[in-house]
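Step one of this worksheet: look at the structure below.
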Amino acid sequence: MCAPLQEAAKAPDAAGTKAFRETWSKMADQLCELAAEDEARGRLISAGDKLGRAATYLLTAERLQAHGAPGREALYRRMLATFQRSVQLAGDNCERVDIPYEGGSLSALYVRAEGVQGPAPVLVQVNGLDSTKEMKYLVGLPGWLAQRGVSSLMVDQPGTGEALRL
């Protein structure tokens with residue numbers, strides 16, 4: 001996937017970043033097409049897994065763009081929709097929630113502890129710099145904790161993720 005970018009890497013930053021975005025977005029498009037084929041055949045988990053990878057590619061392509069770059073917001077919104085569809089089709093233990101905050105809301109992802117009757121501990125995970133709640137989820141820690149009886153709440157707090165982008 002990165003082979004076509006070797007020449008672009010020699011170009012000025014803006015050109016290289018644009019080429020990176022186009023290449024990674026193109027691979028996401030291919031994965032979305034394959035996921036649609038899987039979904040049409042009833043292979044929902046496989047479709048969800050492919051969409052999860054596509055969301056990762058879209059997120060990676062989006063986060064390297066300059067703030068205010070043309071098409072960046074649309075790319076981010078597409079990543080959100082692709083990620084959500086991935087979770088839905090794969091049947092992942094992951095729920096999008098909105099947390100009231102200063103007259104608006106902050107978006108978050110909630111992963112429930114598994115095998116727990118009643119209350120369970122919850123780890124609130126916040127990101128930093130330019131990461132997102134989806135990145136926190138995709139790293140795998142929330143699933144690992146859920147298997148051990150701990151819920152996770154990954155929040156895009158002010159200045160990061162969805163709170164920053166949208």
Side-chain angles (χ1 to χ4, degrees), residues 1-2 5 9 13 16-32 34-35 44-101 104-114 120-166:
M1 188 162 78
C2 290
L5 297 173
D13 283 348
T17 301
K18 182 179 180 202
F20 184 91
R21 174 184 171 168
E22 290 170 358
T23 299
W24 283 61
S25 294
K26 182 178 177 182
M27 181 56 75
D29 293 341
Q30 291 174 6
L31 284 168
C32 288
L34 293 171
L44 302 184
I45 295 171
S46 292
D49 288 348
K50 286 177 178 76
L51 289 174
R53 284 201 330 267
T56 300
Y57 293 155
L58 293 169
L59 181 58
T60 303
E62 180 274 337
R63 71 192 295 255
L64 294 177
Q65 305 303 303
H67 289 287
R72 183 177 186 189
E73 183 179 325
L75 186 61
Y76 183 74
R77 289 184 186 277
R78 179 176 176 216
M79 182 282 300
L80 288 174
T82 302
F83 176 85
Q84 193 58 43
R85 185 73 175 143
S86 164
V87 166
Q88 179 186 19
L89 289 177
D92 287 354
N93 171 15
C94 181
E95 174 185 356
R96 181 186 166 94
V97 296
D98 290 312
I99 302 167
Y101 180 79
S105 66
L106 296 175
S107 61
L109 298 173
Y110 181 63
V111 174
R112 293 183 190 283
E114 298 172 5
V122 61
L123 175 65
V124 178
Q125 300 178 42
V126 295
N127 46 32
L129 193 55
D130 63 346
S131 65
T132 68
K133 63 192 176 301
E134 291 80 16
M135 292 171 80
K136 300 292 284 180
Y137 175 78
L138 291 166
V139 164
L141 178 62
W144 181 85
L145 289 170
Q147 291 174 332
R148 289 156 176 81
V150 179
S151 298
S152 291
L153 181 69
M154 293 137 291
V155 182
D156 278 342
Q157 77 276 6
T160 68
E162 195 170 332
L164 175 65
R165 288 160 171 85
L166 302 180

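Keep in mind that what you see is a predicted model, and the values were worked out from it rather than measured.
Taking the side chain as every heavy atom from C-beta outward, Lys50 and Gln30 never approach each other to under 4.5 Å. Leu164 has its side chain within reach of His67: a pair of non-hydrogen atoms, C-beta onward, lies under 4.5 Å apart. A 4.5 Å side-chain heavy-atom check between Leu109 and Phe83 finds at least one atom pair inside the cut-off. Residues Gln125 and Tyr137 are not in side-chain contact: their nearest non-hydrogen atoms beyond the backbone lie 4.5 Å or more apart. When side chains are defined from C-beta on, Arg21 does not count as touching Leu64, because their heavy atoms never get closer than 4.5 Å. Ser105 is not listed as a side-chain neighbour of Ile99, based on a closest heavy-atom distance of 4.5 Å or more. Contact check for Glu95 versus Arg112: side-chain heavy atoms found under the 4.5 Å cut-off. The shortest distance between side-chain heavy atoms of Val122 and Tyr110 falls below 4.5 Å.
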Would you please test Met154 and Val111 for side chain to side chain contact (heavy atoms under 4.5 Å, CB included) and show each step? CA-CA 9 Å; Met154 293 137 291; Val111 174; 3.8 Å; yes
For this session: Test side chain to side chain contact (heavy atoms under 4.5 Å, CB included) on Val126 and Thr160 and set out the steps.
Result: CA-CA 9 Å; Val126 295; Thr160 68; over 6 Å; no
What's the verdict on side chain to side chain contact (heavy atoms under 4.5 Å, CB included) for Lys136 and Val155, showing C-alpha distance, side-chain angles and the deciding distance?
-> CA-CA 9 Å; Lys136 300 292 284 180; Val155 182; over 6 Å; no
Exercise for the section: Report the C-alpha distance between Leu58 and Ser25 in whole Å, list the side-chain angles of each, state the deciding distance to 0.1 Å, and finish with yes or no for side chain to side chain contact (heavy atoms under 4.5 Å, CB included). Expected result: CA-CA 6 Å; Leu58 293 169; Ser25 294; 4.3 Å; yes
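The two atoms that bring Gly161 and Tyr76 nearest to each other are C-OH, 3.7 Å, heavy atoms only. Taking all atoms of both residues into account, the shortest heavy-atom contact from Ser151 to Ala120 is OG-CB, 4.3 Å. The nearest pair of heavy atoms linking Asp98 to Ser107 is OD1-CA, 3.7 Å. The two residues Ala61 and Leu75 make their nearest non-hydrogen contact at C-CD2, 4.0 Å.
Formation of a donor-acceptor pair under 3.5 Å by the Thr82 side chain with backbone atoms of Leu51 is not found in this model. Under a 3.5 Å cut-off, the side chain of Ser86 and the backbone N or O of Gly48 do form a donor-acceptor pair. Remark: the backbone N or O of Asn127 is paired with a side-chain donor or acceptor of Gln157 at under 3.5 angstrom.
Atom CZ of Arg72 sits in a crowded spot, with more than 12 heavy atoms from other residues, nucleotides or ligands closer than 6.0 Å. Other residues, nucleotides and ligands contribute over 12 non-hydrogen atoms within 6.0 Å of the CG atom of Leu123.
To the nearest 0.5 Å, atom CE of residue Met79 and atom CD of residue Glu134 are 4.0 Å apart. If you take OG1 on Thr132 and CG on Leu59, they are separated by 4.5 Å, rounding to the nearest 0.5 Å. A distance of 11.5 Å separates CG in Leu138 from OG in Ser131, rounded to the nearest 0.5 Å. Here the CD atom belonging to Gln65 is positioned 9.0 Å from the CZ atom belonging to Phe20, to the nearest 0.5 angstrom. The CG atom of Asp49 sits 7.5 Å away from atom CZ of Arg53, with the distance rounded to the nearest 0.5 Å. Note that NZ of Lys26 and CG of Leu31 are 13.0 Å apart. Values are rounded to the nearest 0.5 Å.
The salt bridge (Lys or Arg N to Asp or Glu O under 4.0 Å) contacts involving residues 85-94 comprise Glu39-Arg85, where partners must be two or more places apart or lie in separate chains. Counting only residues at least two apart or on different chains, the salt bridge (Lys or Arg N to Asp or Glu O under 4.0 Å) pairs with a member in residues 146-161 are Lys133-Asp156.
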